[in-house]
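As structure tokens, the structure follows; a few thoughts come after it.
By convention in this document, chain letters (A, B, ...) are assigned in the order of the sequence lines, proteins followed by strands, and residues within each chain are numbered from 1.
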Amino acid sequence: MKSEPHTSVYGHVSVTGRANIDLMDFAEDLYEVKLKTLENVAEYLGLGRPDDIEEHELREMKEKGDIDSIAEFSRRRVYLIREIGDKFIEYAVQLSQIVGLPLDHVASAAVGFRVEWFIIREALGRGELIPQRKEVSAETYVGGMVLSPRPGIHSNVAVLDFASMYPNIMVLNNISPDTYIPPDEEVPQEECNIAPEVGHRFRKEPPGLYKEILRKLLSARKEIKEALAKVEENSAEHKLLAAREKAIKVIANATYGYCGWIGARWYMKPVAEATAAWGRYTIGKAMEIARKMGLEIIYGDTDSIFVKYDTGKVNKLLEEIKRELSLDIKLERIFKRIIFTEAKKRYAGLLEDGTIDVVGLEFVRGDWPKVARDAQKKVIEIVLTEENVENGIRRAKEYVSDLISKMKAGEIPLKHYIIWKEITKSAEEYKARAPHVEVARIMREKGWRVQPGDKVGYVVVKGSGKLYQRSLPYFMVSVEDVDIEYYIENQVIPAVMRVLSPLGVKELGVATGGLADFF
DNA sequence: TCTAGGCATGGGTGCCTATATCT
DNA sequence: AGATATAGGCACCCATGCCT
């Protein structure tokens, strides 16, 4: 960790910066914990939740000279940090073994460097020289293909996913920095794999560096998965294998991104560009095959397609895609019902086991206040589980109307109005004024240390002027100060309408409390 | 030094135009 | 009547955090 022990609520407590990423690699579902305070992470991992003591309270303790409470606070945190460490040590050890960086380095190394050190090791094994890092200017290229969804509510939708699409595409076409053929070099066409759209050429033989590395990783992962099935769950061996499998997956999946990263020793834009192009070609072909079979395509993103479910046709589709494209595709999940808005990368669906999956919408975004996120989640639950759509809409409207009354009556706690946003750079670097930047400034004036990577929690209060002129650190605000109208109009209503408008709802028909109520 | 691109969204910023107000 | 101030609408950009 980069700085002194820094136990702030506005920052990520002690799990700040790098440490966050390390945890997340292993426990992908930690992404669900939007505000990664030590307490939140510990609670999520089932380590129990200590009494909430926030940093501003700690400060008060210090001013009062209450050493005992500070000591108790610190003891609890040290204990939790140790417990969390225990949970992740196995993964770190595996990563260290695979990548070849010492344990203390691998923990703080960014993804790009983990991949790099792994490749360095493999290249040495092949007797290859390690290229020097070069200074190059950034050049973007076209990435994955995303389809516009068919808005509205659909029932029985199957999601088909290509398994590790980019790594497999790289293996299949021998895409690698050392197999790339520059445009001016003449090579017979039958000796080349030629990328669609972009036309980059790669030698079919001999196997390139990336192909060998990825083939190794992919087959190791497959073996471990098979071994895992035979080992008793919760056993030491199971934990070890699971950690190893995760570590391998992370490295394999990051290789595509790595080769398009300008900081990489093996940076080569055509490699990344060609991989993405083959990806678009692949998903396009899959859709074409689906259409020919008469399957209705609802949506798709990069390596997945959502189709109206039809058991026989879908099974045939999977076989046909595998045969034509030589890539593995799986039936990942089936949604009983799913809602799409007009927007890409946003939907909410009900799975067969009754769980609800929310993707991209406000509910999963940490920068929306709890009051709006909860409201959206509730509306999603109602409309997805209510068989009759009209009834669902009616119930959802009633729910929102009730919530708005509660908000106006001051029955919603202050915590639900806090908006958390990260400070990503120093104050001078910001070109536009924004509430969270202004709030960080206020905190600094009061003696708080707020630096890039910290999250600040603020609340919009009553008053006039721009939002950044009436946003305050949440601990300086009481619930009576909150601009309820702002939260109703700009947070709750947009969040719930996002879900309801694709169902044909034009307005909520609830009194929002503005002047309009009187006319 | 901190894998890639694609995307939605809210709010700020700056410009234009219509209207109000002043000289 | 002409000059200047102000408000509102619009397009665009900034910033964040999500998805695969």
### Message
Please classify the nucleic acid contact of A:Asp161 as base, sugar-phosphate, or nothing, using heavy-atom distances under 4.0 Å.
### Response
nothing
### Task
Step through the shown structure and confirm whether more than 12 heavy atoms of other residues, nucleotides or ligands are within 6.0 Å of OH on A:Tyr430.
yes
### Message
Given A:Tyr347, which partner from the list A:Ile339, A:Ile338, A:Val157 fulfils the side chain to side chain contact (heavy atoms under 4.5 Å, CB included) test?
### Response
A:Ile338
### Query
Should we count CZ of A:Arg280 as having more than 12 external heavy atoms under 6.0 Å?
yes
### Task
State which of C:dT16, B:dG10, B:dC2 makes the closest approach to the side chain of A:Arg498.
B:dG10
### Task
Tell me whether the OP1 or OP2 atom of B:dT3 has a side-chain N or O from A:Asn253 closer than 4.0 Å.
no
#### Entry: salt bridge (Lys or Arg N to Asp or Glu O under 4.0 Å) partners of A:Lys345, counting only residues at least two apart
A:Asp301
## Note on the structure
Residues in residues 425-440 of chain A with a heavy atom under 4.0 Å of DNA chain C, by number, are A:Lys425, A:Tyr430, A:Lys431, A:Ala432, A:His436
#### Entry: Exercise: identify the closest heavy-atom pair between A:Ala158 and A:Tyr309
CB-CD1, 3.5 Å
### Message
Applying a 4.0 Å non-hydrogen cut-off, can you work out what A:Gly260 is touching in the nucleic acid: base, sugar-phosphate, or nothing?
### Response
sugar-phosphate
### Task
Go ahead and name the base partner of C:dG2; Watson-Crick or wobble counts if both distances stay under 3.5 Å, otherwise write none.
B:dC22
### Task
Indicate the atoms forming the closest heavy-atom contact of A:Trp266 with A:Ala123, along with that distance.
CZ2-CB, 3.9 Å
### Query
A:Thr255 near the nucleic acid: base, sugar-phosphate alone, or nothing, with a heavy-atom cut-off under 4.0 Å?
nothing
### Task
Decide side chain to side chain contact (heavy atoms under 4.5 Å, CB included) for A:Tyr91 and A:Val250; before the verdict, give the C-alpha distance in whole Å, the side-chain angles of both, and the deciding distance to 0.1 Å.
CA-CA 11 Å; A:Tyr91 172 65; A:Val250 166; 3.6 Å; yes
#### Entry: Neighbours of DNA chain C within residues 344-351 of chain A, by heavy-atom distance under 4.0 Å
A:Lys345, A:Tyr347
### Task
Find the distance A:Ile119:CD1 to B:dT3:C1' and express it as a whole number of Å.
10 Å
### Summary
Closest non-hydrogen atoms of A:Val271 and A:Cys259, given as atom of the first, atom of the second and distance, are CG1-SG, 3.5 Å
### Query
Base, sugar-phosphate alone, or nothing: which one does A:Tyr299 contact when heavy atoms must sit under 4.0 Å apart?
nothing
### Message
Is the phosphate of B:dT1 approached by A:Tyr258 (side-chain N or O, under 4.0 Å from OP1 or OP2)?
### Response
no
### Message
In this structure, how many angstroms lie between the C1' atom of C:dG17 and the NZ atom of A:Lys34, rounded?
### Response
8 Å
### Task
Rounded to the nearest angstrom, tell me the gap between atom NZ in A:Lys421 and atom C1' in C:dC14.
12 Å
### Task
Choose from B:dA4, C:dT20, B:dA8 the nucleotide whose nearest atom is closest to any side-chain atom of A:Ala343.
B:dA8
### Query
For A:Gly257, which contact category applies under a 4.0 Å heavy-atom criterion: base, sugar-phosphate, or nothing?
base
### Query
Are OP1 or OP2 of C:dT16 and a side-chain N or O of A:Thr424 less than 4.0 angstrom apart?
yes
### Message
Using whole Å, what does the distance between atom C1' of nucleotide B:dA8 and atom CG of A:Asp301 come to?
### Response
13 Å
### Query
Just how far, in rounded Å, is P of C:dT20 from NZ of A:Lys249?
13 Å
### Summary
The residue among A:Asp178, A:Ile175, A:Val171, A:Ile119 that forms side chain to side chain contact (heavy atoms under 4.5 Å, CB included) with A:Tyr210 is A:Ile119
#### Entry: Proximity to DNA chain C (any heavy atom under 4.0 Å), residues of residues 365-380 of chain A only
A:Arg365, A:Gly366, A:Asp367
### Query
With the threshold set at 4.0 Å, does a side-chain nitrogen-carboxylate oxygen contact exist between A:Glu438 and A:Arg441?
yes
### Message
Could you check whether atom NZ of A:Lys378 has more than 12 heavy atoms from other residues, nucleotides or ligands sitting under 6.0 Å from it?
### Response
no
### Query
NZ of A:Lys425: more than 12 outside heavy atoms within 6.0 angstrom?
yes
### Task
Measure from CZ on A:Phe162 to P on C:dC19 and round the result to the nearest Å.
22 Å
### Query
What parts of residues 459-471 of chain A reach DNA chain B, counting only heavy atoms under 4.0 Å away?
A:Lys466, A:Leu467, A:Tyr468
### Query
For the pair made of CG in A:Asn168 and C1' in C:dT20, what is the distance, rounded to whole Å?
15 Å
#### Entry: Rounded interatomic separation in angstrom, taking OH from A:Tyr487 and P from B:dG10
15 Å
### Task
Indicate, with a heavy-atom threshold strictly under 4.0 Å, whether A:Val115 touches base, sugar-phosphate, or nothing.
nothing
### Task
Please report the closest heavy-atom contact between A:Ile298 and A:Lys308, naming both atoms and the distance.
CG1-N, 4.2 Å
### Query
With sequence neighbours left out, what residues match A:Tyr417 under ring pair (Phe, Tyr, Trp, His ring centres under 6.0 Å)?
A:Tyr487
### Query
Taking 4.0 angstrom as the limit, do A:Arg373 and A:Glu362 come out as a salt bridge?
no
